[in-house]
> 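Sharing a structure with you now.
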Amino acid sequence: RNLLERAPLEALARSAGVSPAFLYGIAAFEAESCHLGFTTGCPALAVHTDDGPRLAYNHDFPGAFTSTLRVRRSQPSDGLASVAVTYPVLLGAIAGVNERGLAVCLNQGYATDLKRLRPGLFTTHWVQACLDGCDSVTAAIELLRGARFANGGIITLMDERDAAAV
C-alpha cells in the first residue's frame, strides 16, 4: 500500500466533513512536534512474562488532546487487520497490535537532526505501515531501516514470538 496516495486522506476528510487542506494543517502539528523541545514523554515497556509478551504504553500527551483519542479497527484489503490508538484526523497510529501479534507504539521525539520540508512520512504513518504489513519485529525493522521520517520519534516493537526492539 502506498502511504503517499492522496485517496486515504481525501476519504478521511470526506467522512469527517472537513477539507483535505484542514487535515494537512492538523498533520503539520506532527511535523512540528519534533521542534518543540518539550520534555514530557510517553513511556513504553516491553516485557516477557509467563503468559507471553506484553507491550505497555502510556500516552502522556498534552491533556487537551486526551478526550479526542480513539480506538480504530483497520482491515486493509491488501494488508493485516489491526486495532490501534490514534486521533480521528490521523491516517497513522500512535500504538496498536495487528492480527499476527506485532505490537507497535511510538513516542514523539525532539529531533535536532531533521530538516524542515525534506521528504518523509510522519512517525504515525510508519507505525500504521508496520501494523498493516509486518508480521514480526524483524519485518518491521527491515521496513523502518529504509524509512524516511518527517519528524522525530522512538518506535517500540514486540511480537508474539517475544522478539522486541526499540
Side-chain angles (χ1 to χ4, degrees), residues 1-38 40-42 44 55 57-100 102-135 139-157:
R1 177 163 87 135
N2 186 349
L3 292 172
L4 297 175
E5 290 178 1
R6 293 177 52 157
L9 186 113
E10 290 171 352
L12 181 61
R14 273 193 311 276
S15 68
V18 298
S19 71
F22 176 79
L23 292 186
Y24 282 118
I26 294 295
F29 177 77
E30 187 173 351
E32 292 303 311
S33 69
C34 65
H35 300 286
L36 296 177
F38 57 85
T40 60
C42 306
L55 178 61
Y57 174 74
N58 185 46
H59 190 62
D60 289 335
F61 215 59
F65 292 91
T66 303
S67 65
T68 61
L69 281 170
R70 297 291 183 266
V71 174
R72 177 180 65 210
R73 294 177 189 268
S74 297
Q75 179 62 60
S77 59
D78 58 349
L80 302 169
S82 65
V83 175
V85 175
T86 190
Y87 291 101
V89 296
L90 291 182
L91 292 174
I94 298 164
V97 62
N98 71 19
E99 65 181 296
R100 297 283 173 83
L102 177 68
V104 186
C105 66
L106 78 85
N107 297 309
Q108 298 290 358
Y110 175 56
T112 59
D113 61 341
L114 291 176
K115 306 273 189 276
R116 283 184 166 91
L117 303 177
R118 84 174 182 159
L121 295 177
F122 299 126
T123 309
T124 56
H125 284 87
W126 289 113
V127 168
Q128 190 65 51
C130 288
L131 293 170
D132 288 350
C134 299
D135 62 358
I141 290 171
E142 187 175 317
L143 173 72
L144 295 171
R145 278 204 174 126
R148 291 172 36 178
F149 289 86
N151 60 317
I154 301 166
I155 296 176
T156 304
L157 306 160

> Between the main-chain N or O of C105 and the side-chain N or O of T156, is there a donor-acceptor pair closer than 3.5 Å?
no

> Taking atom CG of L143 and atom CH2 of W126, what is their separation to the nearest 0.5 Å?
5.5 Å

> Which atoms form the tightest heavy-atom contact between L106 and A93, and what is the distance?
CD2-O, 3.5 Å

> Do you know which two heavy atoms are closest between L91 and Q128, and how far apart they sit?
O-CG, 3.9 Å

> How many angstroms lie between CG in D78 and CG in D132, if you round to the nearest 0.5 Å?
8.0 Å

> Not counting sequence neighbours, which residues clear salt bridge (charged side-chain N to carboxylate O under 4.0 Å, His left out) with R72? List them please.
none

> On a heavy-atom basis, which atom in E99 and which in G79 lie closest, and how many Å separate them?
OE2-O, 4.3 Å

> Taking all non-hydrogen atoms of both residues into account, name the closest pair between T86 and G92 and its distance.
OG1-O, 2.8 Å

> Do V104 and I155 have side chains that approach each other closer than 4.5 Å (heavy atoms only, starting at C-beta)?
yes

> Within a reach of under 6.0 Å around CD of E142, are more than 12 heavy atoms found that belong to other residues, nucleotides or ligands?
no

> I need the minimum non-hydrogen distance between L131 and A84, along with the two atoms involved.
CD1-CB, 4.1 Å

> So, for C130 and L102, which heavy atoms are closest and what is the spacing to 0.1 Å?
O-CD2, 3.7 Å

